[in-house]
Amino acid sequence: MYLVCGEALFDFFSEEDASGLASKISFKAIAGGSPFNVAVGLRRLGVDAALFAGLSTDYLGRRLQQVLQEEGVRPDYLIDSVAPTTLAMVAVGANGSPHYSFRGEGCADRQLKAEHLPHLGPEIRGLHIGSFSLVVQPIADTLLELVQRESGKRLISLDPNVRLNPEPDIEVWRSRMATLVALADLIKVSDEDLSLLYPGQDPQRIIEGWLQHRCQLVFLTRGGDGASVFSRQHGSWSVPACTVSIADTVGAGDTFQAALITWLTEHELDSIAGVSRLSREQLDEMLRFAVQAAALTCSKTGPDLPYRQQLALH
């Protein structure tokens, strides 16, 4: 089982109101949050998963809980909170890229504290962390403590997924990433993340620096330009994106992450030792599987992650 850790929220997408009145705005609300999406994505791809998150006891929090139940995400690590549910207002650009504005200060998904840290048994094969839960408090220090405790014991995957609206100070992000990249075994990062974290710097040099720690694999996503893998053992190479009609790119990175973990799980390589045994051919297959999965999500509106039967068998 994989344990995904971090935020759970509702994305609010604005829609054209039929009345045409400026005083009226219609929204479509979709359950989301990067870690929430990864957990759901893992289940849809056939991987046993749980979410370690704070969920509000309000109406939206109970809807999030209902979604997790219906998707088959295990509830064992969910923490109830009377704080409200985080809301993300999403505007989608002409190229399908989303722009977020978060209403999350003091909300339930940020309220995980050290006292909530779970004991993890051998059934937990790995942990995934990512997005603004890495930098907003108190959850940021809680997840750091968890990763420090578990690093070296089970597979740790990391996706920075930088969102400056919840934490606009990029130095906070840089400082926390510097700590976390030394603890992770596998990192997925987008070119947008790297340009925010380290503007003007060569992505390859940054990633090669990460590989000097315990990290064995880094996957770099470039949107319509495809994705690359950087391996300590096998070097680096790229594959092109799949050609699809793009609705938006919401959830594409989360799908890519879930697909990476799924591929490792299906091949019984979802461990620190397993990742170290990957051949170049296996890595290439894993990369192409994740690119294909992310493309499917881009063809649909919102974070509608694919099911295993929708992907070509690998």
- Glu167 side chain reached by Trp173 side chain, heavy atoms, under 4.5 Å: yes
- Message: Regarding Arg103 and Ser101, do their side chains bring together a donor and an acceptor under 3.5 Å, going by distance alone?
- Response: yes
- Note on the structure: Rounded to the nearest 0.5 Å, the CG atom of Leu45 sits from the CG atom of Leu311 at a distance of 6.0 Å
- Task: Count the heavy atoms of every other residue, nucleotide or ligand shown that sit under 6.0 Å from CD of Glu192, and state whether that count exceeds 12.
- Result: no
- Message: Other residues, nucleotides and ligands only: do more than 12 of their heavy atoms fall within 6.0 Å of CZ on Arg214?
- Response: yes
- Item | Aromatic ring proximity, centroids under 6.0 angstrom, Phe102 and Phe132 | yes
- Arg125 side chain reached by Leu155 side chain, heavy atoms, under 4.5 Å: no
- Message: I'd like to know if Leu55 and Tyr59 are part of one continuous hydrophobic network [Ile/Leu/Val/Met/Phe/Trp/Tyr, side-chain heavy atoms within less than 4.5 Å].
- Response: yes
- Query: Would you say the side chains of Trp263 and Glu285 form a donor-acceptor pair under 3.5 Å?
  - Reply: yes
- Between Phe289 and Tyr307, is there a shared hydrophobic cluster once you connect ILVMFWY residues whose side-chain heavy atoms come closer than 4.5 Å? no
- Message: Is there a side-chain contact between Arg154 and Tyr2 in this structure, where contact means two heavy atoms from C-beta onward sitting under 4.5 Å apart?
- Response: no
- Task: May I ask you to check whether Thr86 and Glu7 show a side-chain donor-acceptor distance below 3.5 Å?
- Result: no
- Any donor-acceptor N/O pair, His116 side chain to Ile139 backbone, under 3.5 Å: no
- Minimum heavy-atom distance between Gly6 and Pro35, given as atom pair plus value: CA-CG, 3.7 Å
- Query: Do Arg176 and Asp141 meet the salt-bridge criterion of a basic N to acidic O distance under 4.0 Å?
  - Reply: yes
Kindly list each side-chain donor-acceptor pair under 3.5 angstrom involving residues 201-210, sequence neighbours excluded, with atom names and distances?
from, atom 1, to, atom 2, distance (Å)
Asp202, OD1, Gln204, N, 3.2
Gln204, NE2, Glu208, OE2, 2.9

- Report the distance from atom CD of Glu71 to atom CZ of Arg43, rounding to the nearest 0.5 Å. 9.0 Å
- Message: For the OG atom of Ser175 and the CG atom of Leu180, what is their distance to the nearest 0.5 Å?
- Response: 9.5 Å
- Any luck finding a side-chain donor-acceptor pair between Ser81 and Gln111 under 3.5 Å? no
- Task: Determine the sole option in Val189, Leu186, Val291 for which the side-chain contact (heavy atoms from CB on, under 4.5 Å) test with Phe219 is passed.
- Result: Leu186
- Note on the structure: Minimal heavy-atom distance between Gln216 and Val275, with the atoms involved, is OE1-C, 3.9 Å
- Item | From CA spacing to verdict: side chain to side chain contact (heavy atoms under 4.5 Å, CB included), Leu146, Leu120 | CA-CA 10 Å; Leu146 178 64; Leu120 302 183; 4.3 Å; yes
- Message: I want to check something: taking the side chain as every heavy atom from C-beta on, are Asp159 and Ile187 in contact at a cut-off of under 4.5 Å?
- Response: no
- Query: If you look at every heavy atom in Ala294 and Ala252, which pair is closest and at what distance?
  - Reply: CB-O, 3.6 Å
- Query: Shortest non-hydrogen contact from Ser151 to Ile156?
  - Reply: CA-CG1, 4.1 Å
- CG of Asp270 to CG of Leu260: how many Å apart, nearest 0.5 Å? 12.5 Å
- Message: Looking at Pro138, is its backbone amide N or carbonyl O close enough to the side chain of Arg110 to form a donor-acceptor pair, meaning the two atoms are under 3.5 Å apart?
- Response: no
- Interatomic distance, CZ@Arg62 vs OG1@Thr57, rounded to 0.5 Å, equals 5.5 Å
- Query: Taking side chain as C-beta onward, heavy atoms only, is Met1 less than 4.5 Å from Val47?
  - Reply: no
- Message: As a quick check of understanding, evaluate side chain to side chain contact (heavy atoms under 4.5 Å, CB included) for Glu150 and Leu183, giving each step before the final call.
- Response: CA-CA 9 Å; Glu150 300 298 330; Leu183 300 168; over 6 Å; no
- Item | OG-CG distance between Ser190 and Asn161, expressed to the nearest 0.5 angstrom | 7.0 Å
- Evaluate the salt bridge (charged side-chain N to carboxylate O under 4.0 Å, His left out) criterion for residues Asp284 and Arg280: first the C-alpha distance (whole Å), next the side-chain angles of each, then the deciding distance (0.1 Å), finally the verdict. CA-CA 6 Å; Asp284 191 68; Arg280 192 185 193 282; 5.2 Å; no
Donor-acceptor contacts under 3.5 Å from residues 221-230 side chains, at least two apart:
from, atom 1, to, atom 2, distance (Å)
Arg222, NH1, Ser228, OG, 2.3
Ser228, OG, Ser238, OG, 2.5

- Task: Would you check if the side chain of Asp193 reaches a backbone N or O of Val162 as a donor-acceptor pair within less than 3.5 Å?
- Result: yes
- Query: For the residue pair Asp58 and Gly61, what are the closest heavy atoms and their distance?
  - Reply: OD1-N, 2.7 Å
- Message: For Gln233, I'd like to know if atom CD has over 12 heavy atoms of other residues, nucleotides or ligands within 6.0 Å.
- Response: yes
- Side-chain heavy-atom pair Leu127, Phe52 within 4.5 angstrom cut-off: no
- Message: Within a 6.0 Å radius of atom CD on Glu268, are there more than 12 heavy atoms belonging to other residues, nucleotides or ligands?
- Response: no
- Message: Any carboxylate oxygen within less than 4.0 angstrom of a Lys/Arg side-chain nitrogen, looking at Glu145 and Lys113?
- Response: no
- Message: Let's go through Tyr77 and Cys5 carefully: what are the C-alpha distance in whole Å and the side-chain angles of both, what is the deciding distance for side chain to side chain contact (heavy atoms under 4.5 Å, CB included) to 0.1 Å, and is it a yes or a no?
- Response: CA-CA 9 Å; Tyr77 303 93; Cys5 311; over 6 Å; no
- Is there a side-chain contact between Arg74 and Asp48 (heavy atoms, below 4.5 Å)? yes
- Using side chain to side chain donor-acceptor pair (under 3.5 Å) as the criterion, point out the one residue from Thr255, Thr262, Asp304 that pairs with Arg44. Asp304
- Would you tell me whether Ser131 and Ser34 have side-chain atoms, one donor and one acceptor, within less than 3.5 Å of each other? no
- Message: Please find the pair of heavy atoms, one from Ser56 and one from Ala83, that lie closest to each other, and give the distance.
- Response: OG-O, 2.6 Å
- Message: Evaluate Ile30 against Phe10 for side chain to side chain contact (heavy atoms under 4.5 Å, CB included), listing each step before the verdict.
- Response: CA-CA 6 Å; Ile30 302 177; Phe10 264 93; 5.6 Å; no
- Can you check whether Leu68 reaches Phe36 side chain to side chain, under 4.5 Å on heavy atoms? yes
